[in-house]
Asker: 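Quick one: structure below, then a few questions.
Just so it is clear: chains get the letters A, B, ... in the order the sequence lines come, proteins before strands, and each one is counted from 1. What you see is a predicted model; the values in this text were computed from it and never measured.
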Amino acid sequence: MSDPHSLILARQLTKRFGDLTAVDGIDFEVAKGEAFGFLGPNGAGKTSTMRMIGGVSPVTSGLLTIFGLDPARHGPTIRARLGVVPQADTLDLELTVRENLMIYSRYFDLSWREGARRADELLEFVQLKERSRDKVDELSGGMKRRLTIARALINSPELLLLDEPTTGLDPQARHLVWDRLYRLKQRGVTLVLTTHYMDEAEQLCDRLVVLDKARIAAEGSPRELIDRYSTREVLELRFPIDEQPSLDGKLNDIAERIEVLPDRVLLYTSDGDEAIAAVRKRGLQPETALVRRSTLEDVFLRLTGRSLVD
Amino acid sequence: MSVLTRRTAPVRVPTRSFHMVERNVMAYRHNWIVILSGFFEPVLYLLGIGFGLGSLVPAVSTGGGHTVSYAMFVAPALMATSAMNGAVYESTSNFFYKLRYAKTFEAVIQTPVGVEDAAMGEVIWAVIRGCLYSIGFVMIMQALGLIASPWGGVLSVLAALLIGFAFAALGTAITTFMRQWQDHEIVTLGLQPLFLFSATFFPITVYPPILQAFVAVTPLYRSIHLIRGLTTGQIDVGLLVDVLYLVLLGLVGVAVASVRLRRRLLK
Amino acid sequence: MSLMAGTLHVVEYNALVFRRIWRGSIAVSFFTPLFFLAAMGVGLGGLVNRSSGGVNGVPYLDFLAPGLIAAACMQTAAIEATYPILAKIMWDKTYEAALATPVTIPDLIRGEVVWTTIRMFIVAAMFWIVMYLFGVGHSLEALLAIPASVLTGLAFSSTIMAFTATRRNDSGFAAINRFVIIPLYLLGGTFFPIAKLPLALQALAWATPLAHGVALTRGVVLGNINAPEAALHALVPLAYFAGGLLIARALLVKRLAK
């Protein structure tokens, strides 16, 4: 049997929409206090999994418990202890910023007074205090996202579900969101998030699963996954477009593994500088050469043969 | 998938509906003038048709040897129609917008508030809004001397509540089948003959017997019949039939809407 | 660009949008008059004819039908001049895109007016056919009801377009409908003679284009109007139309030409 401390337990979890299998028999567990991520491209089954965990999408087959409860039987009880940040902001456009939080607190049966107290505290937390009387459509994308996060926290959830928390935000807005999520994690809130940004997964997740075509391709901490599926460094080479096809075989044996992408060649190796020297020695003249550390992007490429963000 | 292994939540009694009403009150605080101006329309109809056109029709027979002034005949019909229109508008156009574009419900169902609460809450809200209008209209009718007894006025407000409930439930159910805005034209097109032919502006006896039987089973006719009986003071067992009819219509509407909404939102 | 070409583009644009919904729209244009004339003209008309022997010496149906055509054009104009226009100014920014081409602001206005005229013509023609089927207006000059009612609608089209040009959101449109269109519809001479109104309201009614449009349309259908009367009743809506156009143009230039 599983660890009694696990907040979420899934065994052979499956979701089908007619003929389409969105989630195909996946197993995972999330422990209390953990930050757990689903990494994968669009259509890999991330959102379907999140909706099942959130208790708004019936499980087709397999086992799923949240807080040890079956979402089909105890939906309202589970949802009372969850915070959800959906992929698209589902804010109430007819209400002001503060009213959005107030009415959401009522949905959780909090009193008006308690709702007001928490709304003000959370507006402070997501730095929207000055905008509290504004209508929601006047906010920028990053502000709306922060308001959605504040809304998800109104019931002081033990578990926060975030579906693509920073997709579509500019870099500054993303860092602000990450900072707030990091603080929540430090307070002991369990985070479950989906993302197709590897930097986000590396920043936020203690542990993650790579989803591909409705199945789990790999599982572990970001570091573990990189160690297991990639090399320490990566050498990225760009050649003039017409030269790249003629490279066949010329780079062999320089690296542990070579990936040829449409616009560049990736050489996986423990020492990038050594690899550059080897390339030059063979008389090849790349337009640019860049040595970098391996990322989850490389893990994904290795596991699926495809890039994460196209 | 076999029926036995199907895992769906048991249908609950929607106890958290009231939070949806609170949400709507909050939203309309920014837009109270829209609510207020809703009083205006039925009153205009009463003045234009009831009195203006009524000046050409001195009296109408309401059966059983009773005769009332034209304004007295038309006013209860306008009250019932306005209860219907308010409920249908709120439960079709507004509800469709919330369902389709505002995604208000997507956010709501992620809280302990369930789909049933959300649907029931919308119906209750439509009824409350309709009730405000009915009270205003009855007060005007009373002032113009169009109500036989004050008790009839009070009861007719309750009747308007029931009418609002029945049509809001029906409208919510219909909206769950809608795919695009153009579908609302069908609703408009359906409301028009109801409005015009439900013994609103002339007694049902104008029709040949077969048509009379047909009109008698339509919802707005039953609504008008109920309110007209109460405001003109012609109380009989027939009014009980009206009440039963509307209660049944409302319950069927709520049931259909709940089932359809679950299927639509809980994918 | 020639005067016609720019205008034509706007009309074409509207026609393209309309192509997706025309079936429903034509059905509404046919069934609405059918239901109204059956219920109010025949059903209620029966009561009126029995109690008062008709109105102004004609059966109630004959009195009502032409008035309703003019009112229907007013309603069509009010819809066409509000939401679609504001959408093109603000939400979809269609005008902004059009003005980046050789199309000018007067082209836009002319285009919208021509388009609204086409829409009203369809509504009026359908209504006229239904009226004919009900046995009203069986004369050649009754066909003049169509241009007369379209003219009535135009008076509302340009004036409401001017109002729309000042709007930042759609909340004023419900008010236009509730406080202008519906009161005129119910009290403006369509359902009963204006002479039945209190004196102050009579004066007010005769200051509006609807009362004159209804009188003109009714006059040509019943064949009981003389040329000077007809000219007077045509002049009022025409004046509203022209005045509205000037204001709409000035306001749109102010708003769109930055």
Asker: If you draw a 6.0 Å radius around CZ in B/Arg260, do more than 12 non-hydrogen atoms from other residues or ligands fall strictly inside?
Answerer: yes
Asker: Could you pull out the closest heavy-atom pair between B/Arg16 and A/Pro76, with the gap in Å?
Answerer: NH1-CB, 4.3 Å
Asker: I need the residue from A/Val84, A/Ile78, A/Thr148 with the largest number of non-hydrogen atom pairs under 4.5 Å to chain B.
Answerer: A/Val84
Asker: Which atoms form the tightest heavy-atom contact between B/Gly114 and A/Arg79, and what is the distance?
Answerer: CA-NH2, 4.1 Å
Asker: Specify the closest pair of heavy atoms between B/Arg23 and A/Leu95, including all atoms of both residues, with the distance to one decimal.
Answerer: O-CD2, 4.3 Å
Asker: Which atoms of A/Arg81 are under 4.5 Å from chain B, going by heavy atoms: the side chain, the backbone, both sets, or neither?
Answerer: neither
Asker: Given side chains that start at C-beta, do those of B/Glu106 and A/Pro86 come closer than 4.5 Å, heavy atoms only?
Answerer: no
Asker: Please determine whether the number of non-hydrogen atoms from other residues, nucleotides or ligands lying under 6.0 Å from atom CZ of A/Phe17 exceeds 12.
Answerer: yes
Asker: So which bits of residues 104-131 of chain A come within less than 4.5 Å of chain B, counting non-hydrogen atoms only?
Answerer: A/Tyr104, A/Arg106, A/Tyr107, A/Phe108, A/Asp109, A/Trp112
Asker: Start with the C-alpha gap between B/Met26 and A/Ile103, add the side-chain angles, then the distance that decides, and say whether side-chain contact (heavy atoms from CB on, under 4.5 Å) holds.
Answerer: CA-CA 8 Å; B/Met26 218 178 216; A/Ile103 198 63; 3.9 Å; yes
Asker: What residues of residues 44-56 of chain A sit under 4.5 Å from chain B when only non-hydrogen atoms are counted?
Answerer: A/Arg51, A/Val56
Asker: What's the verdict on salt bridge (Lys or Arg N to Asp or Glu O under 4.0 Å) for A/Glu99 and B/Arg29, showing C-alpha distance, side-chain angles and the deciding distance?
Answerer: CA-CA 11 Å; A/Glu99 284 173 342; B/Arg29 276 202 314 204; 3.0 Å; yes
Asker: Counting only heavy atoms not in A/Arg215, do more than 12 fall under 6.0 Å of its CZ?
Answerer: no
